[in-house]
Protein chains: 2
Amino acid sequence: MTKRAKHPVRTTEKSLRLIAELNQLGEARVTTLASELGMGKSAVHNHLSTLEKHGYVVKDSETKTYRLSLKFLDIGGQIRSQRDVYKVAEPKVEELAEESGELVHLVVEEDGKGVYLCRSKGERAVELDTYIGCRHHMHSTAFGKAILSRLPTDRVDAIIDQHGLPKVTPRTITSREALFEELERTRERGFAVDDEERLEGLRCIAAPIKFDSDVIGAISVSGPTARIDDDWESNEFVSELQRTVNVIELNKYNV
Amino acid sequence: MTKRAKHPVRTTEKSLRLIAELNQLGEARVTTLASELGMGKSAVHNHLSTLEKHGYVVKDSETKTYRLSLKFLDIGGQIRSQRDVYKVAEPKVEELAEESGELVHLVVEEDGKGVYLCRSKGERAVELDTYIGCRHHMHSTAFGKAILSRLPTDRVDAIIDQHGLPKVTPRTITSREALFEELERTRERGFAVDDEERLEGLRCIAAPIKFDSDVIGAISVSGPTARIDDDWESNEFVSELQRTVNVIELNKYNV
DNA sequence: GTCCCCCGTTTGCTATTCGAGAACAACACT
DNA sequence: AGTGTTGTTCTCGAATAGCAAACGGGGGAC
C-alpha cells in the first residue's frame with residue numbers, strides 16, 4: 001500500500017500535471033497552462049511538444065491550442081480488450097441489456113474504486129452520467145457492494161480507509177458498521193442493491209462475477225425506481241441478471 | 001507540422017517509453033523493463049512508482065508486476081464524451097447497427113489516421129479486430145476515403161507523406177494517382193467504398209459527416225462480401241447510411 | 001529449518017538536464 | 001506602421017535524475 005513514491009520523478013510529475021490540467025480544461029494554450037500551474041512558459045512548451053511528439057497531445061496549429069489526443073482512448077481500449085473478463089462478459093452484457101431493456105454495466109475494481117468496462121443500453125434505458133472508464137465509489141453503488149461482499153474484510157477496510165464513505169444522496173450508507181451489515185445481507189442474497197443511494201430516482205441491482213473464489217468484476221442493471229421493483233424476492237431482473245452471471249462464470253473457465 | 005520537439009524533455013520520454021513497453025507486454029517486472037529498455041533498475045523503479053502514485057500504473061503486490069491502469073480508459077472516455085460528434089452520432093450509430101444488422105463504426109481523423117470513436121454490432125455483425133480507440137490507415141478503409149474526399153488536397157498530400165500507402169491486401173490502393181481518382185469518384189458518389197482493400201472477405205461503405213463544409217468524421221458499415229452487394233447503385237445499406245448521416249448533420253447544428 | 005539466490009528497494013554522489021529569464025519571432029488588432 | 005500579445009528559441013545556473021553499490025526480504029532447493 002505504498003501509495004507515495006519514495007523518490008518521485010519530478011519531471012514526469014510535471015508532465016502528468018499538464019495532462020491532468022488539459023483533461024480538465026478540454027483545451028488550452030501555453031500561457032494559460034503556465035500561469036495555471038505556476039510553471040514557466042518554456043517549461044510548458046517543452047513538455048507539451050514532447051507529449052505531442054509521442055502522440056499524447058495534439059496541437060491545433062490554427063488556434064495554437066493543445067488538447068489531449070485520442071491515444072488515451074487507444075491505450076485504454078487495448079488494456080480493456082486484453083482483460084479476460086471483458087472478452088467473456090461483453091457479449092453477455094449486450095444480451096442482458098436487450099433482454100431487460102434497461103442499462104447494463106460491467107464493472108471491475110481498481111485502486112479501491114469501481115471502473116466501468118462496458119455499458120449497453122436496452123430499449124428503455126435511462127440516460128446516465130456514466131461513461132466507459134469512469135470511476136465510482138464502491139459503497140454507494142450496487143456493483144461496488146457486490147464486489148465488496150466477496151472481498152476479504154481487511155481489503156474492504158483498506159478501501160474504506162482510502163476513499164472514505166462520502167454521502168452522495170440521503171440514502172447513501174455512510175457508516176462502516178452499516179456497510180458491513182449490508183455486505184452480509186448481500187452475501188446471503190447473492191446480489192447487491194442500490195436503492196437511490198447514488199442517485200435519487202435510480203435503482204440498481206448487481207451480482208459479482210466469481211472465478212476460483214475470487215471476484216473479478218460485477219454486472220449491474222440500472223433503471224428508474226418506477227420500473228425496478230424493490231420487492232427483491234420476486235424481481236424479474238434479478239433472475240435475468242443471475243442467469244447472465246452464471247453463463248459468464250462458466251464461459252470464463254474456457255478462456 | 002513540427003513533428004519533432006526541439007527541446008524534448010528526456011525524462012518524460014523515458015516515462016513514456018515505459019508506458020509503451022508496458023502496454024506491449026501487458027505486464028512486467030522491474031528487471032524485465034530495465035533490461036528491455038536499457039535503463040538502470042533504480043531509474044525504472046522511480047518512474048514506475050511515480051506513475052503508480054498518479055494512478056497510471058498498477059502494481060500487483062503479490063507478483064511484484066506492474067501493468068497500465070484503467071486510468072487511460074477513464075481519460076480516453078472523457079475525451080470521447082466531450083466530442084460533439086460523438087454526442088450527436090453515438091445514438092444514431094446504434095440505430096443504424098440495429099437497422100442494418102451489420103457492424104457500424106463512427107470514426108474521426110487524428111494525426112493522419114482514422115480513430116474509432118464508437119462501434120455498434122447489429123444482429124448478424126461480423127467479428128472484427130477493431131476496438132474503440134484503435135487506429136487505421138485512411139487509404140485502405142472506406143471511412144478513411146470518405147474523410148479524405150472532403151479534405152483539402154494539400155492536407156491529403158501531407159497525410160500520404162506522413163504515413164505512406166502500405167499494401168494490406170492485394171486490392172489496397174497503393175499509388176497516389178489511383179487514390180486521388182478514387183477520392184474524386186467518392187466525392188461524386190457521396191460515399192466511399194472499401195472492397196476487400198483492408199481485409200479479404202470484408203466490404204465496407206462509409207459516408208463523411210460534414211459540418212459547415214468541414215468533415216468532422218465518418219460513419220461506416222462493414223460486412224462480409226456475401227451480404228454487402230457491390231452493385232453500389234442499388235445497395236440498400238447505402239441509403240440507410242446516408243439517411244443516418246443526414247440526421248446527424250442536422251442534429252449537429254443544435255448542439 | 002537453513003542457506004542461498006534473486007529481485008525490488010534504498011542511498012549517496014555526480015553528470016545530466018530541466019527550466020527561469022530574456023531575447024526573438026509571428027501574428028492580430030488598432 | 002505600431003503595439004500588445006503569445007509561441008518559440010537560447011543560455012546558463014541550479015535542480016535532479018539515475019548509475020553503481022549496498023540493503024533487505026521473500027521463495028525455492030536441499
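Chain letters run A, B, ... following the sequence lines, proteins first and then strands; every chain starts at 1.
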Considering only heavy side-chain atoms of A:Ala43, the closest of C:dC18, D:dT6, C:dA20 is C:dA20
For C:dC18 and A:His47 - does any side-chain N or O of the residue sit under 4.0 Å from the phosphate oxygens OP1/OP2?
no
With rounding to the nearest 0.5 Å, note down the distance linking CD1 in A:Ile216 to NZ in A:Lys252.
5.0 Å
More than 12 heavy atoms of other residues, nucleotides or ligands under 6.0 Å from NZ of B:Lys6: yes or no?
no
Name the orientation class of the two ring planes belonging to A:Tyr253 and A:Phe211 (parallel below 30°, tilted from 30 to 60°, perpendicular beyond 60°).
tilted
Looking at A:Glu188, I want to see if its CD is surrounded by more than 12 non-hydrogen atoms of other residues, nucleotides or ligands under 6.0 Å.
yes
Rounded to whole Å, how long is the line connecting atom NZ of B:Lys64 with atom C1' of D:dG26?
8 Å
Look at all strands and tell whether B:Ser42 reaches a base, only sugar-phosphate, or nothing, counting heavy atoms closer than 4.0 Å.
base
Figure out the CZ/C1' separation between B:Arg10 and C:dC18, and round it to whole Å.
10 Å
Need one value for A:Lys41: base, sugar-phosphate or nothing, where a base atom within 4.0 Å counts as base even if backbone is also close, heavy atoms only.
base
Which comes earlier along DNA chain D counting from the 5' end, the contact point of B:Lys6 or that of B:Glu62, where each point is its nearest nucleotide?
B:Lys6
Which one, C:dC18, D:dG7, D:dC10, comes nearest to the side chain of B:Val9?
C:dC18
How many Å lie between CG on B:Leu18 and C1' on D:dG18, as a whole number?
13 Å
I want to verify a distance call: between D:dT8, C:dG8, D:dG18, whose nearest atom is closest to the A:His45 side chain?
D:dT8
Tell me: CG of B:Leu48 to P of C:dC7, nearest whole Å?
16 Å
Any side-chain N or O of B:Thr11 under 4.0 Å from OP1/OP2 of C:dC18?
yes
Hey, would you say the B:Tyr116 and B:Tyr131 ring centroids sit under 6.0 Å apart?
no
Regarding the side chain of B:His7, the nearest nucleotide among D:dT9, D:dT8, C:dC7 is D:dT9
Rounded to the nearest Å, what distance is computed from the CG atom of residue B:Leu33 to the C1' atom of nucleotide C:dT9?
15 Å
What is the distance from CG of A:Asn46 to P of D:dT11, rounded to the nearest Å?
14 Å
What is the distance from CD of B:Glu13 to P of D:dA17, rounded to the nearest Å?
15 Å
Report the nucleotide, chosen from D:dT9, D:dA17, D:dG7, that has the shortest atom-to-atom distance to any side-chain atom of A:Val30.
D:dG7
Euclidean distance, atom CE of residue A:Met39 to atom P of D:dA15 [Å, nearest integer]:
16 Å
Per B:Thr31 side chain, nearest of listed nucleotides D:dG7, C:dC18, C:dG8:
C:dG8
